[in-house]
Engineer: 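Sharing a structure here in structure tokens format.
Labels below follow one simple rule: chain letters A, B, ... track the order of the sequence lines, proteins then strands, and each chain is numbered from 1. A quick note: this is a predicted structure, and the numbers were derived from the prediction, not measured.
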Protein chains: 2
Amino acid sequence: MATLSDVAAEAGVSPTAVSRYLNNRIDLPQATRDRIDAAIAKLDYRPNLLARRLSTGKSEAIALVTPDIANPFFAELAAAVERQAHASGYSVYITSTGGHADAEINAIRRMADSHVDGLIMTTNRVDDGSLAGLLAGRENVVLLDEDIVGVSVPRVFVDNAEGAYLAAKHLIEMGHKDIALIGGPHRLMSVNERLAGFTRAMDEAGLPVRPGWVLLGDYTRDYGAAAASVLLDAVDLPTAILACSDYIAIGVLQVVREHGLSIPGDISLVGFDDMAFAALVDPPLTTIRQPVAAMGELAVKHLLALLEGQTPPAETRLPVELVTRQSVAAPSR
Amino acid sequence: MATLSDVAAEAGVSPTAVSRYLNNRIDLPQATRDRIDAAIAKLDYRPNLLARRLSTGKSEAIALVTPDIANPFFAELAAAVERQAHASGYSVYITSTGGHADAEINAIRRMADSHVDGLIMTTNRVDDGSLAGLLAGRENVVLLDEDIVGVSVPRVFVDNAEGAYLAAKHLIEMGHKDIALIGGPHRLMSVNERLAGFTRAMDEAGLPVRPGWVLLGDYTRDYGAAAASVLLDAVDLPTAILACSDYIAIGVLQVVREHGLSIPGDISLVGFDDMAFAALVDPPLTTIRQPVAAMGELAVKHLLALLEGQTPPAETRLPVELVTRQSVAAPSR
DNA sequence: TTGGCTATGTAAAGCGCTTTACTAGCGATA
DNA sequence: TATCGCTAGTAAAGCGCTTTACATAGCCAA
């Protein structure tokens with residue numbers, strides 16, 4: 001690999017001149033510029049980014065740490081982050097942690113050690129304080145999608161409460177009164193908020209939120225199935241289920257079918273996220289759409305603003321919308 | 001941030017000693033080790049990876065360049081690559097290119113400039129020679145999933161021909177004779193091979209491959225829909241369609257339904273890939289499963305072998321399997 | 001003729017680490 | 001006593017770049 005010095009020698013100037021020329025920090029006469037350009041072309045010179053980063057202390061790169069890149073939600077988020085970052089000349093380094101606390105900590109450490117300029121953090125656990133400790137006080141972090149309590153960095157979330165409210169209201173307007181909610185991990189911000197939105201809709205309609213019909217566990221298909229089993233094995237059944245993620249919804253779908261019931265014939269179902277498969281399942285899922293791409297883009301914008309010393313909003317809420325398909329009908333009972 | 005020298009000063013030894021101690025290149029008496037450890041703890045020292053990489057010329061990191069991380073196939077591949085690389089102490093930097101030639105080239109360049117030790121390349125286009133030019137002769141690259149002609153680096157593929165053969169044979173055994181194939185981009189290796197496997201199965205059964213029933217375009221839902229429209233608007237219809245990807249298959253699904261036909265009642269359908277949604281669509285899709293995780297793991301293993309100067313197999317074919325669900329039935333006509 | 005300005009650069013230090021040589025001191029050995 | 005070998009380190013160069021401070025030549029004005 002040719003180095004800057006090689007180019008300088010070839011062009012008959014000093015390395016300083018070449019460096020400053022390449023970084024637009026010097027005005028050179030045309031003849032000199034031509035010689036340098038020729039030398040670069042001849043030697044196929046490409047600057048060593050590592051050396052540059054070490055020297056300047058800037059990397060023009062950001063990291064995205066994510067629980068699981070194989071999860072389409074985070075994958076889409078990652079794609080959006082990358083698109084937006086590239087548009088601003090930044091590279092992005094994506095890591096997935098598997099959702100384990102120690103892996104998250106390692107990932108953050110490793111990224112910091114590799115000297116990325118900033119970090120976008122998504123998680124799907126509730127933190128025990130260790131993440132907060134690592135992240136607190138940093139000026140180059142933004143939180144995306146899910147909160148970490150005690151970390152006062154810019155945050156980009158979706159309007160979770162509104163989403164659940166819209167979903168519940170839709171069910172209520174279709175005539176449902178007996179509505180159950182299946183949600184993600186207890187105490188996770190999005191879960192709290194979705195539960196709150198659900199409760200508000202029920203309250204407004206004068207409908208009770210039955211404790212036995214609020215099941216909190218995981219944003220997974222398996223948990224959806226397990227929770228649906230609990231619901232369906234009880235003596236009285238809800239006429240509708242609000243699943244706090246589309247993954248939960250397909251678990252519900254499967255179990256409902258296994259119980260010989262039909263959706264939406266016997267039970268109506270609303271999901272959350274509008275993942276790509278939501279339109280493809282049988283029946284196509286009525287769900288709450290999250291603006292995934294916008295979330296990723298905004299997170300990058302806020303991070304880059306932060307890096308430039310500006311002060312992006314402490315918290316941004318992106319709007320969600322109800323997408324009606326065919327998993328909701330009027331109650332038959 | 002504390003540096004090595006800070007630690008050395010704190011511990012009352014030279015930076016050399018600390019460096020060599022941390023890299024296990026020196027035996028120090030317990031007392032000295034304790035002083036260094038204490039200094040590290042006190043200063044919360046973490047080595048600067050950039051500096052280390054610049055100095056050693058090794059990065060303990062590999063890059064994965066991929067057309068689109070938002071595509072669950074590549075996302076799953078990425079997750080597997082990351083898992084396996086981490087297990088060997090390597091970081092991985094994932095980039096997606098959007099499937100554009102220049103973006104691919106940029107990505108490869110950028111990765112090379114950031115001095116990753118090696119590169120795993122996946123693509124979904126047929127190369128015009130520019131990628132081949134960039135990659136040819138490199139000793140630290142492996143190709144995954146799709147070939148780039150003229151690049152003689154280790155390759156990890158799936159047994160495409162066998163997959164299509166199994167799918168076609170399954171249809172034939174169910175009684176189908178009029179079978180169409182909808183495939184990805186013309187001249188892409190996987191497409192060629194799947195077409196070949198299809199043809200072999202038809203030949204063995206003494207069945208003709210009708211040129212009008214072989215449609216090549218893209219591995220996308222849109223193309224699947226477009227191709228299905230062509231097929232269904234003709235005078236005589238196939239009784240079965242072999243879609244060379246599950247994305248194509250769902251496009252087909254949609255169009256078949258729009259034509260008032262049912263799957264598998266009127267037309268049987270087999271997909272390829274066994275993406276997560278294949279089991280969720282209506283009807284659940286019979287498809288060919290690719291061992292995605294194994295592909296990613298093997299690519300990493302072969303790359304690391306390469307980096308250690310070993311010679312992994314020039315080409316590995318991973319087996320596929322037929323997953324029967326409910327999109328195939330005996331022909332009604 | 002001198003002083004100063006502009007144009008065109010360069011020398012050298014430094015980013016934080018690794019690594020190759022080298023060495024001071026000391027006990028044991030011949 | 002001179003030498004050897006071992007222990008416990010160290011000095012300094014180098015990875016490839018950036019950046020600060022300085023330098024020289026030529027020209028113009030006073």
Engineer: Is the shortest side-chain heavy-atom distance between Leu22(B) and Ile40(B) below 4.5 Å?
Structural biologist: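 When only atoms from C-beta onward are counted, Ile40(B) and Leu22(B) do touch, with a gap below 4.5 Å.
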
Engineer: Below 3.5 Å, can you tabulate the donor-acceptor pairs from side chains in residues 130-139 of chain B to any protein atom, sequence neighbours excluded?
Structural biologist:
from	atom 1	to	atom 2	distance (Å)
Ser130(B)	OG	Asp128(B)	OD1	2.4
Arg138(B)	NH1	Asn140(B)	OD1	3.3

Engineer: Which pairs with one or both residues in residues 60-74 of chain B pass side chain to side chain donor-acceptor pair (under 3.5 Å), sequence neighbours excluded?
Structural biologist: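 The answer is Thr66(B)-Thr122(B).
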
Engineer: Donor-acceptor pairs are to be reported for all side-chain atoms of residues 4-13 of chain B against protein atoms at under 3.5 Å, with residues two or more places apart or in another chain.
Structural biologist:
from	atom 1	to	atom 2	distance (Å)
Asp6(B)	OD2	Thr3(B)	N	2.9
Glu10(B)	OE2	Lys42(B)	NZ	3.0

Engineer: Going by heavy atoms in the side chains, are Tyr90(B) and Leu307(B) under 4.5 Å from each other?
Structural biologist: yes

Engineer: Is Tyr21(B) touching bases, backbone alone, or none of the nucleic acid, heavy atoms closer than 4.0 Å?
Structural biologist: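 Since no nucleic acid heavy atom lies under 4.0 Å of Tyr21(B), the category is nothing.
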
Engineer: For Asn106(B), enumerate each residue passing the side-chain hydrogen bond (donor to acceptor under 3.5 Å, both in side chains) test, keeping only those at least two apart in sequence or located in another chain.
Structural biologist: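 Checked Asn106(B) against side-chain hydrogen bond (donor to acceptor under 3.5 Å, both in side chains); zero matches.
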
Engineer: If you find the nucleotide of DNA chain C closest to Thr16(B) and the one closest to Leu54(B), which residue's nucleotide is nearer the 5' end?
Structural biologist: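 Its nearest nucleotide lies further toward 5', so the answer is Leu54(B).
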
Engineer: Mind jotting down which residue pairs meet the salt bridge (charged side-chain N to carboxylate O under 4.0 Å, His left out) criterion with at least one end in residues 86-115 of chain A? Sequence neighbours excluded, please.
Structural biologist: Glu104(A)-Arg125(A), Asp113(A)-Arg46(B)

Engineer: Taking only residues two or more places apart in sequence or in another chain, which ones pass side-chain hydrogen bond (donor to acceptor under 3.5 Å, both in side chains) with Gln310(A)?
Structural biologist: Glu308(A)

Engineer: Answer with base, sugar-phosphate or nothing: what part of the nucleic acid does Ser19(A) contact at a heavy-atom distance below 4.0 Å?
Structural biologist: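 Base, at least one base heavy atom under 4.0 Å.
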
Engineer: Tell me which donor-acceptor pairs under 3.5 Å the side chains of residues 74-85 of chain A have, and how far apart each pair is, sequence neighbours excluded?
Structural biologist:
from	atom 1	to	atom 2	distance (Å)
Glu82(A)	OE1	Ser96(B)	N	3.3
Glu82(A)	OE1	Ser96(B)	OG	2.5
Glu82(A)	OE2	Ser96(B)	N	2.8

Engineer: My understanding is that only residues two or more places apart in sequence, or in another chain, count here; which of them pass side chain to side chain contact (heavy atoms under 4.5 Å, CB included) with Asp34(B)?
Structural biologist: Gln30(B)

Engineer: Restricting to side chain to side chain contact (heavy atoms under 4.5 Å, CB included), what partner residues turn up for Ala63(B), sequence neighbours left out?
Structural biologist: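 Ala63(B): side chain to side chain contact (heavy atoms under 4.5 Å, CB included) contacts with Met111(B), Val116(B), Leu119(B).
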
Engineer: Taking N or O atoms only and anything under 3.5 Å, show me the protein contacts with nucleotides 6-9 of chain D, one pair per line.
Structural biologist:
from	atom 1	to	atom 2	distance (Å)
dG9(D)	OP2	Thr32(B)	OG1	2.6

Engineer: If you find the nucleotide of DNA chain D closest to Ala51(B) and the one closest to Val18(B), which residue's nucleotide is nearer the 5' end?
Structural biologist: Val18(B)

Engineer: Describe, as an angle rounded to 10 degrees, how the axis at the first end of the helix from dT1(C)-dA30(D) to dA30(C)-dT1(D) is tilted relative to the axis at the last end, five pairs per end.
Structural biologist: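 Answer for the end axes of this duplex: 80°.
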
Engineer: Remember a base hit wins even if backbone is also touched, and classify Pro15(B) as base, sugar-phosphate or nothing at under 4.0 Å, heavy atoms.
Structural biologist: nothing

Engineer: First and last nucleotide of DNA chain C in contact with chain A, 5' to 3', at under 4.0 Å to a heavy atom: what are they?
Structural biologist: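 Span of nucleotides near chain A: dT8(C) to dG16(C).
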
